[in-house]
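Worksheet: one structure, shown below.
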Amino acid sequence: MRRLMVAGNWKMHGTRASVAELIEGLRNQVLPSGVEVAVFPPCLYASQVIDGLKGKSIAVGAQNSAVEPLQGALTGEISPSQLVDAGCTLVLVGHSERRQIMGEGDELLNRKFAAAQACGLTPVLCVGETLEQREAGKTLEVVGRQLGSIIDELGIGAFVNAVVAYEPVWAIGTGLTASPQQAQEVHAAIRAQLAVENAEVAQGVRLLYGGSVKAANAAELFGMPDIDGGLIGGASLNADEFGAICRAAGN
Ligand code: PGA
């Protein structure tokens, strides 16, 4: 049985004061023990969040990390080893906002994924199609290519300790959620692609859905056989809403 995961991607939101409030709100949540809960604050606030959440079982991750594992001359970047040193255990790789706005491509993301894993971080690989690609019937091709890039470069073993998040770009921050059936179709295809290489690894990998998940639609999505939790953006900035999504995963 895969343990469900609910992860909050805070994106570029927060101030020291609002982060303190969110920490307080999260501390007050009753979280289901069977669900792995994580938050991804802006790196600047990672230490504040890690200290603030001490004793609460919520993991903390980063939204991005460098292509090189160790510290060195790479202005503006944060290495995976530094994230580990700070107490992070996870890192997002290839969120669509970074693919689209920062121009991050598969080759660069392969390096980030490998560097993160080399330091013991669990990469959360984000994949997903744009509306144009979906309308052109290319969803599975696009997602297959993004996933295949890691498989080809790093091998199926890379997924023994990794999470995949399917996030259709058209559903992110738009209020348009993929229907549970639409999401399940892509999740099943992702698992099948992994299973071609190794069935056991494929069965063990958590596949999260992301894109306008809220407390009101979470249970239905998490009820699908290949949806193992969610990556939550906007709704994760509200502790009560995020807590409710975590509890939906626990039922
Ligand atoms: P959203 O974002 O929940 O605000 O749609 C999800 C994400 O980008 O991870």
Side-chain angles (χ1 to χ4, degrees), residues 4-14 18-19 22 25-26 29 35-43 45-46 49 58-65 88 90-104 109 112-113 116 121-131 133-134 139 142-143 146-147 162-180 182-183 186-187 190 206-222 224 227-249:
L4 266 60
M5 176 188 257
V6 176
N9 172 12
W10 295 1
K11 308 196 179 187
M12 196 172 64
H13 291 288
S18 73
V19 165
L22 195 41
L26 289 171
Q29 298 303 311
V35 177
E36 191 174 337
V37 179
V39 291
F40 294 78
C43 258
Y45 304 117
V49 175
I58 300 181
V60 178
Q63 299 168 17
N64 178 44
S65 60
C88 292
L90 301 140
V91 64
L92 301 183
V93 177
H95 189 279
S96 63
E97 286 150 17
R98 297 201 62 87
R99 289 182 191 263
Q100 294 199 313
I101 302 168
M102 314 303 289
E104 294 190 355
L109 296 173
K112 290 191 173 192
F113 188 108
L121 289 174
T122 300
V124 179
L125 176 72
C126 304
V127 298
E129 81 289 1
T130 63
L131 184 59
Q133 290 164 335
R134 173 161 283 267
T139 298
V142 169
V143 170
Q146 292 168 339
L147 182 72
V163 176
V164 179
Y166 167 57
E167 300 203 301
V169 178
W170 50 271
I172 294 178
T174 57
L176 287 174
T177 317
S179 69
Q182 279 175 321
V186 180
H187 283 229
I190 291 172
R206 266 103 42 105
L207 307 180
L208 313 184
Y209 168 78
S212 299
V213 177
K214 310 180 265 295
N217 58 24
E220 211 189 348
L221 286 158
F222 300 162
M224 303 307 281
I227 301 184
D228 309 311
L231 181 56
I232 322 300
S236 72
L237 297 170
N238 178 316
D240 291 336
E241 181 81 11
F242 185 67
I245 295 170
C246 295
R247 289 187 288 277

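Whatever order the structure lists them in is the order used to number ligands and atoms, beginning at 1.
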Is it true that Trp170 and Glu129 share a donor-acceptor pair across their side chains at a distance under 3.5 Å?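 Trp170 and Glu129 do have a side-chain donor-acceptor pair below 3.5 Å.
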
Taking the side chain as everything from C-beta on, heavy atoms only, tell me whether Gln29 gets closer than 4.5 Å to Asp240.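 Yes. Closest side-chain heavy atoms under 4.5 Å.
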
So, do Arg99 and Gln146 sit near enough that their side-chain heavy atoms are less than 4.5 Å apart?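 Answer yes - side chains close enough.
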
Output all residues satisfying side chain to side chain donor-acceptor pair (under 3.5 Å) with Glu104, sequence neighbours left out; order by chain, then residue number.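 By the side chain to side chain donor-acceptor pair (under 3.5 Å) rule, Glu104 matches Arg98, Lys112.
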
Partner residues of His187 under the ring pair (Phe, Tyr, Trp, His ring centres under 6.0 Å) criterion, sequence neighbours left out: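 Result, ring pair (Phe, Tyr, Trp, His ring centres under 6.0 Å) vs His187: Tyr166.
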
Could you pull out every N or O of ligand 1 that sits under 3.5 Å from a protein N or O, with the distance for each pair?
| unit_1 | atom_1 | unit_2 | atom_2 | d |
| --- | --- | --- | --- | --- |
| ligand 1 | 2 (O) | Lys11 | NZ | 3.4 |
| ligand 1 | 3 (O) | Ser212 | N | 3.4 |
| ligand 1 | 3 (O) | Gly233 | N | 2.8 |
| ligand 1 | 4 (O) | Gly234 | N | 2.8 |
| ligand 1 | 5 (O) | Gly173 | N | 2.6 |
| ligand 1 | 5 (O) | Ser212 | N | 2.8 |
| ligand 1 | 8 (O) | Lys11 | NZ | 2.7 |
| ligand 1 | 8 (O) | His95 | NE2 | 2.7 |
| ligand 1 | 9 (O) | Asn9 | ND2 | 3.4 |
| ligand 1 | 9 (O) | His95 | NE2 | 3.3 |
| ligand 1 | 9 (O) | Glu167 | OE1 | 3.3 |
| ligand 1 | 9 (O) | Glu167 | OE2 | 2.7 |

Not counting sequence neighbours, list each pair that qualifies as a salt bridge (Lys or Arg N to Asp or Glu O under 4.0 Å) and has a residue in residues 206-215.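 Passing the test, one end in residues 206-215: Glu36-Arg206.
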
